[in-house]
Number of protein chains: 2
Amino acid sequence: MKYSQATDYALHAMLYLVDEAPDKPVSVQLLAEKLGVSQTYLSKMLTKLVKAGLIHSISGANGGYRLKRSQEDISFLDVIQAIEGTASLFECSFNHRNECLIQQVVVEAELQMEQFLKSKKIADLAKQVKG
Amino acid sequence: MKYSQATDYALHAMLYLVDEAPDKPVSVQLLAEKLGVSQTYLSKMLTKLVKAGLIHSISGANGGYRLKRSQEDISFLDVIQAIEGTASLFECSFNHRNECLIQQVVVEAELQMEQFLKSKKIADLAKQVKG
DNA sequence: CGAATACAGACTTTATTCATCTATAATAAC
DNA sequence: GTTATTATAGATGAATAAAGTCTGTATTCG
Ligand code: SF4
Ligand code: SF4
């Protein structure tokens with residue numbers, strides 16, 4: 001049970017954008033080169049980040065990707081959930097709704113983790129890397 | 001990204017053992033029937049639980065599985081880690097050891113979840129189901 | 001217009017999960 | 001000691017998901 005590698009790429013891409021893209025949009029070509037992954041593959045993840053409202057895309061020449069929200073607001077949780085989705089770690093086929101105590105325990109546990117990941121911002125990391 | 005179905009089976013099996021197996025060992029045959037899964041498949045999970053030290057196995061006629069530790073000590077975390085292992089959710093191929101800030105964040109986040117799962121005991125759930 | 005860029009869908013390959021089958025080892029009952 | 005009953009281990013196959021590629025389309029700048 002692991003995060004997909006796509007999450008790895010997305011986190012690094014965001015880290016790059018936060019760190020190095022103050023004004024000009026960054027193309028997927030450049031990002032893919034930096035991360036050592038193919039353009040078309042990386043573009044799928046960036047598109048997910050766009051749909052999650054984390055970054056903004058600009059078509060056409062000189063286009064690319066740019067942060068959308070204020071940097072300080074983008075958390076690890078935002079990026080991870082954009083890629084991995086928000087489904088629970090535990091989902092049983094017998095859906096004994098509202099009465100599944102196992103599900104309740106796992107969901108609450110996940111909430112603990114999510115709360116922490118929400119408090120950690122990508123920008124904090126970029127600062128640390130620089131300093 | 002989800003827990004494997006094996007974890008689902010293992011949790012239900014443990015729940016059964018905690019709830020209904022005070023003295024006599026329970027055979028994999030009975031457990032498999034209760035859970036609606038094949039014996040050989042379920043036995044793999046039970047073997048993992050044995051190796052994790054949660055239950056005890058007895059070969060031969062009238063054998064089966066029995067809880068090992070005191071019931072109250074067996075947590076969700078114990079069962080989940082017995083099946084899923086203890087690897088981190090995030091593991092990057094470039095192993096920039098000790099300096100990977102992303103890894104540090106995720107590991108600490110996991111710790112939050114694990115702490116919660118450790119505090120929740122299987123026995124608590126069995127009680128709730130009964131009452 | 002033509003080049004550069006993002007986006008979308010079909011497709012392939014690879015890895016993991018899920019599950020079964022078969023064989024072996026241990027032990028209780030007879 | 002033989003037999004029935006149980007757990008354990010390993011090989012194998014099927015189903016599903018993840019990882020990655022290819023091709024084509026839409027948008028925008030110059
Ligand atoms: S109680 Fe929850 S986990 Fe158990 S069978 Fe019902 S839905 Fe599934
Ligand atoms: S910093 Fe961490 S996540 Fe990033 S490449 Fe290094 S090991 Fe991988």
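Just so it is clear: chains get the letters A, B, ... in the order the sequence lines come, proteins before strands, and each one is counted from 1.
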List, one per line, each side-chain donor-acceptor pair under 3.5 Å for residues 100-116 of chain B, sequence neighbours excluded.
{"unit_1": "B:Gln103", "atom_1": "NE2", "unit_2": "B:Ser88", "atom_2": "OG", "d": "3.3"}
{"unit_1": "B:Gln103", "atom_1": "NE2", "unit_2": "B:Phe90", "atom_2": "O", "d": "2.9"}
{"unit_1": "B:Glu110", "atom_1": "OE1", "unit_2": "B:Ser88", "atom_2": "OG", "d": "2.8"}
{"unit_1": "B:Glu110", "atom_1": "OE1", "unit_2": "B:Leu89", "atom_2": "N", "d": "3.3"}
{"unit_1": "B:Glu110", "atom_1": "OE2", "unit_2": "B:Leu89", "atom_2": "N", "d": "2.9"}

**Request:** Taking side chain to side chain donor-acceptor pair (under 3.5 Å) as the test, write out the residues that go with B:Gln81, two or more places apart.
**Result:** none

**Message:** Side chains of A:Pro25 and A:Asn62, heavy atoms from C-beta outward: is any pair under 4.5 Å?
**Reply:** no

**Message:** Strictly under 4.0 angstrom, non-hydrogen atoms only: write out the protein contact profile of nucleotides 24-29 of chain C, one letter per nucleotide from the 5' end, B, S or -.
**Reply:** --BBSS

**Prompt:** Side-chain N or O of B:Ser57 less than 4.0 angstrom from OP1 or OP2 on D:dT8?
**Reply:** yes

**Request:** Give a yes or no on whether A:Leu42 and A:Ile58 share a hydrophobic cluster (residues Ile, Leu, Val, Met, Phe, Trp, Tyr; joining criterion: side-chain heavy atoms under 4.5 Å apart).
**Result:** no

**Request:** For the pair B:Thr47 (side chain) and B:Ser43 (backbone), establish whether a donor and an acceptor sit closer than 3.5 Å, ignoring hydrogens and angles.
**Result:** yes

**Prompt:** Are A:Tyr9 and D:dA18 close enough that a side-chain N or O sits under 4.0 Å from OP1 or OP2?
**Reply:** no

**Request:** By nearest nucleotide on DNA chain C, pick out whichever of A:Gly63 and A:Met1 is the more 5' one.
**Result:** A:Gly63

**Message:** For a 4.5 angstrom cut-off between non-hydrogen side-chain atoms, does B:Leu125 reach B:Asp19?
**Reply:** no

**Request:** Considering just the side-chain nitrogens and oxygens of B:Ser27, establish if one lies under 4.0 Å of OP1 or OP2 belonging to D:dT5.
**Result:** no

**Request:** Scan for salt bridge (Lys or Arg N to Asp or Glu O under 4.0 Å) pairs involving residues 73-87 of chain B, sequence neighbours excluded, and state none if there are none.
**Result:** B:Arg69-B:Asp78

**Request:** Could you list by number each residue of residues 29-47 of chain A showing a heavy-atom separation from DNA chain C of less than 4.0 Å, or answer none if no residue does?
**Result:** A:Gln29, A:Lys44, A:Thr47

**Message:** Please report the end-to-end axis angle for the helix from C:dC1-D:dG30 to C:dC30-D:dG1, five pairs per end, rounded to 10 degrees.
**Reply:** 10°

**Message:** Check the phosphate of D:dA9 against B:Lys51, side-chain N and O only, distance under 4.0 Å to OP1 or OP2. Yes or no?
**Reply:** yes

